[in-house]
Amino acid sequence: LSALPTQDPGPSEPGPNATGSEISHLLVRAGGYLCALPLPAVRRVLRGVVVHPLPGAAPELRGLAEFAGEPLAVLDLARLVRAPLGANPAHPVTIIAWIGQGESRELVGLAADGALDVVRLSEEGTVGGDGDLVRGEAVVGGEVVRVLDLEAFGRATAS
Amino acid sequence: MSGPALRSGYVLMRHGKTLWAVADAAVRSVTRVENGYRLQLAAAELLADEVVGIVPSLKPHPISPAVRRFWAMPTAGLAVYGHEPLVLLDPEELPASLRCDPPSVEVS
């Protein structure tokens, strides 16, 4: 597996660039959406991950991969955020990230169509949200970005 | 497959694009058939495209919440063989998609 430049601040510690309510986010493309993933939850960005599909799985679950000698669920980020179809990805990536919280906290792969940039977003600049994975929307460079709350993954179905 | 009564390890088999493993002790026989292999277990017969081999041990991992959320198939967990993830089968609860069609029963 080839690794892109990464930051690994750990699963629960604030990122190195976090100041006040402003947190660094990894900007990725997922289908027709731009999404921002909180950088403290991101462990690594990989390309060329081999995914083994599971028969009968929902489309949100692309399959299993091997990461650090252990099985890793690879989820389709575009499906998770219900993004419309986008252009064929030129540089698809798998973002290894922590999702969920408490006993449900786990490391997964999030398949995305490209990793674009690291941006700093404030909570005040984020509006809306679905109470689950999408914390809200923000505008970055004139484009709407879905800001994700990876800790909230599964909260809507668990409660 | 017909070794001593006490056996350990796992039989690895491929079905479709997925690698599966079942406890060696649960496998009674393996038969080559036209479209692959039939593994006879106590409760059912499994169909495999390929029998990869037998490994002495695997490190089982429980099914993670993310997998469970999007995949309802009964399993005994996950593991990795080499660099390939695999699904551990529960011999007592085998997924229907791996089972050979049950023999037809004539009703008189």
Side-chain angles (χ1 to χ4, degrees), chain A residues 1-2 11 41 46 48-80 82 94-111 132-133 148 150-159, chain B residues 10 12-22 35-37 39 44 46-53 55-90 93-101:
Chain A
L1 301 179
S2 58
L46 303 172
V49 172
V50 178
V51 179
H52 302 265
L54 293 169
E60 288 88 345
L61 177 60
R62 284 229 182 147
L64 299 175
E66 179 265 343
F67 178 70
E70 300 196 351
L72 181 82
V74 178
L75 305 177
D76 187 317
L77 186 57
R79 295 268 189 179
L80 290 177
R82 298 181 179 85
T94 301
I95 299 133
I96 311 297
W98 294 96
I99 64 166
Q101 57 184 348
E103 290 182 357
S104 296
R105 187 171 183 76
E106 62 177 305
L107 203 59
V108 299
L110 296 170
D132 194 23
L133 190 58
L148 305 189
L150 298 181
E151 285 191 4
F153 176 81
R155 188 184 292 161
T157 51
S159 57
Chain B
Y10 294 87
L12 302 188
M13 53 174 264
R14 195 176 301 281
H15 184 99
K17 296 179 178 176
T18 309
L19 189 61
W20 309 81
V22 61
N35 55 345
Y37 295 84
L39 282 72
L46 296 178
L47 185 61
D49 300 328
E50 175 191 4
V51 174
V52 177
V55 294
S57 66
L58 291 168
K59 183 182 173 188
H61 296 264
I63 293 281
S64 74
V67 174
R68 181 58 67 215
R69 182 173 175 180
F70 297 117
W71 195 50
M73 194 171 281
T75 74
L78 304 174
V80 167
Y81 171 66
H83 290 290
E84 186 170 349
L86 60 84
V87 180
L88 295 171
L89 291 169
D90 178 354
E93 195 178 7
L94 296 165
S97 62
L98 293 182
R99 296 169 73 141
C100 298
D101 291 332

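Model, not experiment: these values are computed from the prediction. Naming: A, B, ... by sequence-line order, numbering from 1 per chain.
Here the straight-line distance linking atom CG of B:Leu86 with atom CG of A:Leu64 works out to 9.0 Å at 0.5 Å rounding. To the nearest 0.5 Å, atoms CG (A:Leu72) and CG (B:Leu78) are separated by 10.5 Å. To the nearest 0.5 angstrom, A:His52 atom NE2 is 8.0 Å from B:Arg14 atom CZ.
Counting heavy atoms from C-beta outward, B:Glu84 and A:Glu66 have side chains that stay 4.5 Å or more apart. Put simply, the side chain of B:Phe70 does not reach to within 4.5 Å of the side chain of A:Leu54, judged on heavy atoms.
Of all the heavy atoms in A:Pro71 and B:Val80, the pair that sits closest is N-CG2, 3.4 Å. Nearest heavy atoms, B:Thr18 versus A:Pro53: OG1-O, 2.8 Å. Considering all non-hydrogen atoms of both residues, B:Trp20 and A:Pro55 come closest at CZ2-CG, 3.6 Å.
Only the side chain of A:Glu106 comes within contact range of chain B, with heavy atoms under 4.5 Å apart. Of the two parts of A:Leu80, only the side chain, counted from C-beta on, holds a non-hydrogen atom closer than 4.5 Å to a non-hydrogen atom of chain B. Contacts of B:His83 with chain A are made by both backbone and side-chain atoms, with heavy-atom separations under 4.5 Å. For a residue to count as touching a neighbouring chain, one of its non-hydrogen atoms must lie under 4.5 Å from one of that chain's; by this rule B:Ala79 touches chain A with the backbone only.
Because its NZ or CZ atom is both nearer than 6.0 Å to the ring centre of A:Phe153 and within 45° of the ring axis, B:Arg69 counts as a cation-pi partner of that residue.
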